[in-house]
Amino acid sequence: MNERVAVEALTEDQARDELGRLADILARANTAYHGDDAPEMSDADYDAFKQRNAAIEARFPHLKRADSPSDQVGADPVEAFGKIRHAVRMLSLSNAFEAEDVVDFDRSIRSYLNLKADAPLAYTAEPKIDGLSLSLRYEAGRLVHAATRGDGVTGENVTANARTIDEIPTRLTDAPEVLEVRGEVYMSHADFEALNARQTDRGQKTFANPRNAAAGSLRQLDAAITKARPLRFFAYAWGEVSAPLADTQMQAIDRLGALGFAVNPLTRLCRSVDEMIAHYRRIEDQRATLGYDIDGVVYKVDDLALQQRLGFRSTTPRWAIAHKFPAELAWTRLDGIDIQVGRTGALSPVARLHPVTVGGVVVSNATLHNEDYIAGRGAKGEEIRGGKDIRVGDWVQVYRAGDVIPKVADVDLSKRPEEAEPYRFPDTCPECGSPAIREEGDAVRRCTGGLICPAQAVEKLKHFVSRGAMDIEGLGAKQVEAFYHDDHLPVTEPADIFTLRARDAENLSKLANRDGWGETSAKNLFQAIDEKRIIPMARLMFGLGIRHVGEVAAEDLARHYGGWAAITTALDAARPAALAHRAADEAAEAERQVAQDEGRRARVSDARNAALAEADIPPRAAEAWADLINADGIGPVMALSLSDAFANDHERAAIDRLVAELTEIEPPESRATDSPVAGKTVVFTGSLEKMTRAEAKARAEALGAKVAGSVSAKTDLLVAGPGAGSKAKKAAELDIETIDEDGWLTLIGDA
DNA sequence: GTGCCTCGAGTTCC
DNA sequence: CTCGAGGCAC
């Protein structure tokens, strides 16, 4: 396989020959695999052949054979990379931009661990490589797969490509039975420039920066191309390990080095924040001469036992932080301001810039957030950019926040054209002309058109098919938008997606005969849609795109109600209470206004209570409402938003039409953790000696328990340390099980 | 009522 | 990735 010609360099004749050969090889491999017990080809080779076949077909679509292996079951040229679920999640890091943030980081760690300010606590400091992270899984010392970070939970299988990287060993000696090594794939400056020169010679497109070159090279369908690209790898972390690597981060890195991985030579042990900052400055000084891109310095708590105690927040470890270098800045001219309309109707201004290079990328658009951001003055009169507003024609300073999102940092007033006028933010929707209203206290202005507004309707549909929601293969944002405007097969609401197949069957002009479509792709689309007729309840809930209900809230709701019928019934029952609470909020707001005008103190809660009393809410409604807003993670704002969506005739009818198309709405998996405290409500009281309060809470929650602050009838377990007072007494009165700290540690198996 | 922390919704470029 | 805002603990 190694002496194969890169797909990019194949002639048409060669490609035709090779497609024939690959069809043959893969067909035989399939027979061998399904017929015998002993497949003649390794999975890795099989994948590599299949990927190469797909890559050649992608370059010469007209050469695709009728018996193409891409069309066989389980093969999909678009999804050439399989998915791999990480055994241990790949998280991102929280960021520090100032030395002060690093001081805060150290302080919060000490507070979490209950360490005094002068107690010894060491950190490692290492350059943060600007590449892409990769997880390498070794079993019995052999590389079994390599996966990109993806969304942190599931990544793409790039094993065949990773194997071609010299600095990634395919075999390890003296390694734990299972070892996941994590690190960064990158390209050096010299190799990047040589690659771009070669690309230019061949008349192919060049890369904007080494990171893009590395990412592009790793994601090649054809591993032969990856092999020809000089990628490198630094190891700096690990995922699942069957035996501990070491006791400290520093030792673990040394161990990875001993196993044959490249580890960064600038990794240092620091014993204070001052030493960390000093090392940061040293690395910053060397930045230009390192020969590869870095974008900051990463600090990690050195002691691995402490790392374990610190654990994780939702998406980041508590024990590490990235100290970023200041972002690169560039000046350019603001050519115009456009308004985009999102799925909630939010009008978002976008700056159209005279293209300028910032941090190795040409930027021509930048976010302007909202009306106040352009005006340079917030709702409460506070200054933004020193109070300077932004006008079309201005010279503006641009940077990429987090090295990604372009933003406008400053305006050069001395270069402002005389005729430049303050930007007038539209008060009607540019897409549908409906009034655009800014609610009191809100930063955003929203189109009031609802689904009448084509922009909102399309964005809502895009959200419906997005990754966290229906996630229909072959039906992305682009296709949905096309179908929305389609004359023969229009899709204007979610239910329409599920009637596509039936409508296409009745149409004279078939989808399969259109440009860009064929028998196979139409068949695949309909099949992918049908697969989603069985959908987890939380995905459906999220997909509806109800304001304030995101992925997490949807999951919370599904858990709380346990089924689709239960939630619709509850929302219908709670409707009178929802209306009464909205009226009460309005009464309270009115009172606040009146009181302000009259210069007296507002009696907000009195006004609210009076309104509620007057509303005379039926008990069943009050109960359903209370149950809803007391659900975990759900408050009055989300509850009202949900109630509105389900009570609105049009919206409800659309939801019901959608549900009628579905086969099954799967109830959420009950969180059946094996821990004895899963699902229990636990209260900690008294002083804890082996852990801090924050730690105990985080640990209990990780095991599926709920931690409350006070003892009530809902409490299942009280953990009482020395000095426990009223809470222990109350628990005794309520006959609630009470144990001490050691008892708790034994119970959860941490003793 | 105040101050975290987490979540939602917005955005760019390849 | 960041900002604003909702939820919740103090």
Side-chain angles (χ1 to χ4, degrees), chain A residues 92-95 97 104 108 111 132 205-219 295 312-316 318 322 324 327 338-353 355-373 378-380 384 398-409 439-446 456 459-460 462-463 466 468 542 545-556 604-605 629-641 683-684 693-694 697-698 701 706-710:
Chain A
S92 50
L93 295 176
S94 39
N95 293 322
F97 296 99
D104 288 345
S108 80
S111 134
L132 60 154
K205 76 175 180 75
T206 57
F207 293 97
N209 56 53
R211 200 220 333 229
N212 287 357
S217 302
L218 192 68
R219 295 189 77 264
D295 56 357
F312 302 90
R313 280 184 293 259
S314 59
T315 59
T316 55
R318 283 197 190 82
K324 295 300 208 63
D338 284 352
I339 301 285
Q340 295 182 353
V341 183
R343 84 177 149 87
T344 63
L347 305 193
S348 306
V350 178
R352 303 298 176 201
L353 304 165
V356 62
T357 303
V358 194
V361 173
V362 178
V363 165
S364 39
N365 302 310
T367 174
L368 291 170
H369 293 297
N370 54 48
E371 183 165 5
D372 288 344
Y373 193 83
K380 291 166 208 115
I384 303 169
V398 184
Y399 71 105
R400 297 204 303 150
D403 280 332
V404 182
I405 312 285
K407 294 184 62 169
V408 172
E439 297 275 338
E440 174 95 23
D442 269 7
V444 292
R445 189 174 281 278
R446 290 195 150 83
Q456 284 193 56
E459 292 304 315
K460 242 182 140 161
K462 286 184 190 167
H463 172 79
S466 69
F542 174 60
I546 296 165
R547 192 134 90 87
H548 300 129
V549 181
E551 249 171 323
V552 175
E555 186 71 42
D556 286 347
V604 174
S605 55
I629 64 168
N630 286 324
D632 238 7
I634 312 297
V637 175
M638 283 187 196
L640 262 178
S641 177
V683 174
F684 293 94
R693 192 59 66 93
K697 183 173 184 293
E701 281 169 353
K706 215 174 120 180
V707 179
S710 59

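The sequence lines fix the lettering, A, B, ..., with proteins before strands; numbering per chain opens at 1. These numbers come from the heavy atoms of this one structure, side chains and all, not from hydrogens, waters or symmetry mates.
- Of all heavy-atom pairs between A:Thr367 and A:Ile405, the closest is CG2-CG2, 3.9 Å.
- Every residue two or more places apart in sequence or in another chain was checked for a ring pair (Phe, Tyr, Trp, His ring centres under 6.0 Å) with A:His548, and none qualifies.
- Of the inter-residue distances, the one linking A:Asp556 atom CG with A:Glu551 atom CD reads 11.5 Å to the nearest 0.5 angstrom.
- Put simply, CZ on A:Phe542 is 13 Å from P on B:dC7, counting in whole angstrom units.
- Inter-residue side-chain proximity for A:Lys460 and A:His463 is flagged as unmet; no heavy-atom pair is nearer than 4.5 Å.
- A distance-only check finds a donor-acceptor pair linking the side chain of A:Tyr373 to the backbone of A:Val408 [under 3.5 Å].
- In this structure, A:Lys324 places its NZ atom 9 Å from C1' of C:dC1, rounding to the nearest Å.
- Rounded to an integer number of Å, the gap from A:Tyr373 OH to C:dT2 P is 13 Å.
- Atom pair A:Arg211:CZ and B:dC13:C1' shows a separation of 10 Å (rounding to whole Å applied).
- Listed nucleotides: B:dG8, B:dA9, C:dC1. Nearest to the side chain of A:Ile405: C:dC1.
- OP1 or OP2 of B:dA9 lies within a sub-4.0 Å distance of a side-chain N or O belonging to A:Arg343.
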| Can you give one letter per nucleotide of nucleotides 3-8 of chain C, going 5' to 3': B for a protein heavy atom under 4.0 Å from the base, S for sugar-phosphate only, - for none? | S-SSSS

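- Residues A:Ala553 and A:Val350 each lie close to DNA chain B; by heavy-atom proximity, the contact nearer the 5' end of the strand is made by A:Ala553.
- Contact between the side-chain N/O atoms of A:Gln340 and the OP1/OP2 oxygens of B:dG10 is not found at any separation under 4.0 Å.
- By the side-chain hydrogen bond (donor to acceptor under 3.5 Å, both in side chains) test, A:Arg446 is found to be paired with A:Thr344, residues two or more places apart in sequence or in another chain being considered.
- Taking atom NZ on A:Lys205 and atom C1' on B:dC13, their separation rounds to 12 Å, with Å as the unit.
- Under 4.0 angstrom from either OP1 or OP2 of B:dT11 there lies no side-chain N or O belonging to A:Asn365.
- Residue contacts shown for A:Ser364 are limited to sugar-phosphate atoms, with no base heavy atom under 4.0 Å away.
- Distances shorter than 4.0 Å separate none of the side-chain N or O atoms of A:Thr344 from OP1 or OP2 on B:dA9.
- In this structure, CD of A:Glu371 is placed 16 Å from P of B:dG10, rounded to the nearest angstrom.
- The residue A:Ala215 sits apart from the nucleic acid: no heavy atom pair falls under 4.0 Å.
- Closest to the side chain of A:Pro406, out of B:dG8, B:dT12, B:dG10, is B:dT12.
- Considering only side-chain N and O atoms, A:Thr367 lies nowhere under 4.0 angstrom from the phosphate OP1 or OP2 of B:dT12.
- When rounded to the nearest whole Å, the span between CG of A:Asp556 and P of B:dC7 equals 8 Å.
- If you measure from atom CG of A:Asn209 to atom P of B:dC14, you get 9 Å, rounded to the nearest angstrom.
- Surrounding CZ of A:Arg219 are at most 12 heavy atoms belonging to other residues, nucleotides or ligands under 6.0 Å away.
- In this structure a side-chain-to-backbone donor-acceptor pair under 3.5 Å is present from A:Ser217 to A:Ala213.
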